[in-house]
Amino acid sequence: MRVVRTKLGEGQVILCCAMALFVSGYAFQALSFSMPGLIRDWNLDTALVGPLLSSAIFGLLLGYIFVAPLADRVGERPVICGAMVSLALATTVCMTASTIAVLVLGRVFTGVSIGTALPSAVSIASRHGTMRWRGAQVVGIYVAFSIGFLAAGLVSGWIVPRWGWRAPWAAAVPLALVSALLGMALPARGGEAAGVPVGRPLAVLFAPHLKAGTVSFWIMFSIGLGLFYALQSWLPLLSAREGLPYSSAVAATSMFTLGTALGALPMIWWADRMGPFRALAAMAAVGLTGIVLLGTFAQKGGPSFHAAAMIAGVGIGGGQKGMIAAASLFYPPAVRSTGLGWALGLGRLGAACGPLLIGYLTMHDVESGTALLCLALPVPVVVMAAGFLDRTYGRIDRAAHHPPSLSTDHKRTP
């Protein structure tokens with residue numbers, strides 16, 4: 001295995017990766033809090049809201065599947081730096097857009113930039129520290145993505161009423177450029193295993209010992225990300241649709257976002273004691289509880305609705321981070337960016353469907369509470385997929401042979 005050389009210490013490497021995720025989360029979420037003002041100023045048709053919110057998710061799909069795997073060939077550092085520069089440019093396009101077409105284009109390239117950077121940042125983080133805590137470390141840095149979402153809500157709640165819906169994007173440009181400069185000190189290349197078939201990393205994901213895990217991860221990512229982006233994108237509008245004031249809509253969404261960050265704590269705790277796959281099943285149950293409570297209290301609002309948003313965020317956000325951590329432990333280093341990229345990329349198909357589903361329901365005058373309850377239907381599938389992975393692969397966080405060799409069959413570790 002190639003030795004990874006870096007100008008930074010281990011903690012500094014993790015902070016650089018976390019910075020890239022923080023900026024990505026902020027830039028991605030800025031539109032959701034700008035949407036009420038955008039609809040008002042542009043007199044935007046409600047039918048265009050879903051596609052506009054999903055445009056960045058489509059960009060994520062492109063970035064994850066077609067650009068992120070380049071890191072397995074050229075190394076993560078140039079990929080992260082290029083993605084952060086691209087994110088600064090894309091955010092500038094969004095901030096200065098004068099038509100819906102330009103705004104959609106800017107959001108697509110925002111998604112491409114984020115989808116390119118995220119797998120490389122996670123891949124770097126997953127190679128540092130002891131084997132037992134690498135999954136927890138990945139969960140920890142991914143919290144920065146949720147904190148970016150939370151920062152977008154807090155900043156928007158303060159500056160949008162004063163300076164308009166374009167204002168939140170102004171902070172993302174310099175932050176992305178700073179992240180690109182910091183990324184230049186990251187490891188030049190990952191630690192590739194010797195003997196890896198060059199040029200066909202996607203085929204490796206379907207090797208006999210990886211195939212079942214790959215399919216299961218794709219299913220879980222699709223559902224988990226669909227739930228996450230449906231709530232993150234639509235919760236402000238669904239709250240306002242029920243007559244709640246803008247401040248209350250922002251508070252509910254901010255509580256959900258805070259919950260996605262706090263969800264890392266039970267996920268890390270349960271994963272260390274039960275294993276990553278059983279922990280994923282537990283987090284899905286928490287998320288299901290939160291979604292049901294959200295649908296129940298959607299019309300009433302108030303503290304109960306805000307608490308339900310946080311519970312949903314804990315389960316959905318903690319589960320999302322746990323999926324990424326488990327996948328980073330599951331795939332060998334030489335195809336880790338490809339494995340993560342495809343799981344996250346195909347997961348964006350579900351992520352695109354989530355906001356579109358809520359948009360379809362609202363167009364047909366379905367009550368906000370009923371629309372939220374519909375999101376609970378696919379959650380049991382996540383529980384079953386996580387149980388299957390646990391029975392098939394066991395405690396991959398404790399297995400001495402994990403990540404598995406590309407030339408040997410997998411054997412379950414109890």
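Scope of the values below: all heavy atoms of this structure, side chains included, with no hydrogens, waters or symmetry mates. Predicted model only: the values in this text are computed from it and were never measured. Nothing fancy with the numbering, it's 1 onward along the sequence.
- The cationic group of R395 does not satisfy the cation-pi geometry with F277, failing either the under 6.0 Å distance to the six-membered ring centre or the 45° limit from the ring axis.
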Practice problem: Check the pair L344, L225 against side chain to side chain contact (heavy atoms under 4.5 Å, CB included), reporting the backbone distance first and the verdict last. | Solution: CA-CA 8 Å; L344 287 163; L225 290 169; 4.3 Å; yes

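- For W270, the side chain to side chain donor-acceptor pair (under 3.5 Å) criterion is met by no residue, not counting sequence neighbours.
- Atom-to-atom distance recorded for L103:CG and L48:CG is 11.0 Å, nearest 0.5 angstrom.
- Annotation: side chain of T110 is in contact with side chain of C94 (closest heavy-atom distance under 4.5 Å).
- No more than 12 heavy atoms of other residues, nucleotides or ligands lie within 6.0 Å of CZ in F109, so this atom counts as exposed by the packing criterion.
- Residue F217 forms a ring pair (Phe, Tyr, Trp, His ring centres under 6.0 Å) with just one option from Y393, W342, F388, F330, and that option is F330.
- L375 CG to I316 CD1: the interatomic distance, rounded to the nearest 0.5 Å, is 7.5 Å.
- For the pair T392 (side chain) and L389 (backbone), a donor-acceptor distance under 3.5 Å is absent.
- Remark: L38 CG to R166 CZ distance equals 8.5 Å, nearest 0.5 Å.
- Pairing each heavy atom of V204 with each of L210, the nearest pair is O-CD1, 3.4 Å.
- The CD1 atom of I39 lies 8.5 Å from the CG atom of L52; values are rounded to the nearest 0.5 Å.
- The aromatic rings of W158 and W163 sit perpendicular, their planes meeting at an angle over 60°, well past the 30° parallel limit.
- When all heavy atoms of W169 and A30 are compared, the closest pair comes out as NE1-CB, 3.3 Å.
- Between L235 and A309, the shortest heavy-atom distance links the atoms CD2-CB, 4.4 Å.
- Taking the side chain as every heavy atom from C-beta outward, I124 and I80 approach each other to under 4.5 Å.
- Looking at residues two or more places apart in sequence or on another chain, you find a ring-ring contact (aromatic ring centres under 6.0 Å, His included) between F228 and F149.
- Considering T257, T253, T260 in turn, T257 is the only one that fulfils the side chain to side chain donor-acceptor pair (under 3.5 Å) rule with Q232.
- Under the 4.5 Å side-chain criterion, counting only non-hydrogen atoms from C-beta, L118 is not in contact with S24.
- Here the side chain of T214 pairs a donor or acceptor atom with the backbone of L205 at under 3.5 angstrom.
- Taking CG from D390 and CG from L280, the interatomic distance works out to 10.0 Å, rounded to the nearest 0.5 Å.
- The two residues M274 and A282 make their nearest non-hydrogen contact at CE-CB, 4.2 Å.
- Residues M323 and G224 share a closest heavy-atom pair of CE-CA, 4.3 Å.
- Aromatic rings of W218 and F206 (six-membered ring for Trp) have centroids within the 6.0 Å cut-off, being under it.
- Closest approach of I223 to P378, counting heavy atoms only: CD1-O, 3.7 Å.
- Panel note: side chain S123, backbone P119; no donor-acceptor pair is recorded below 3.5 Å.
- Here the side chain of Y26 pairs a donor or acceptor atom with the backbone of P168 at under 3.5 angstrom.
- Two residues are said to be in side-chain contact when any heavy atoms from C-beta on lie closer than 4.5 Å; I291 and L373 fail this criterion.
- A donor-acceptor contact closer than 3.5 angstrom is absent between the side chains of Y331 and S337.
- Atom CD1 of residue I219 and atom CG of residue L346 lie 11.0 Å apart, to the nearest 0.5 angstrom.
- At a threshold of 4.5 Å between non-hydrogen side-chain atoms, the residues Q29 and L150 do not count as touching.
- For the side chain to side chain donor-acceptor pair (under 3.5 Å) test, residues two or more places apart in sequence or in another chain that qualify with S113 are S86.
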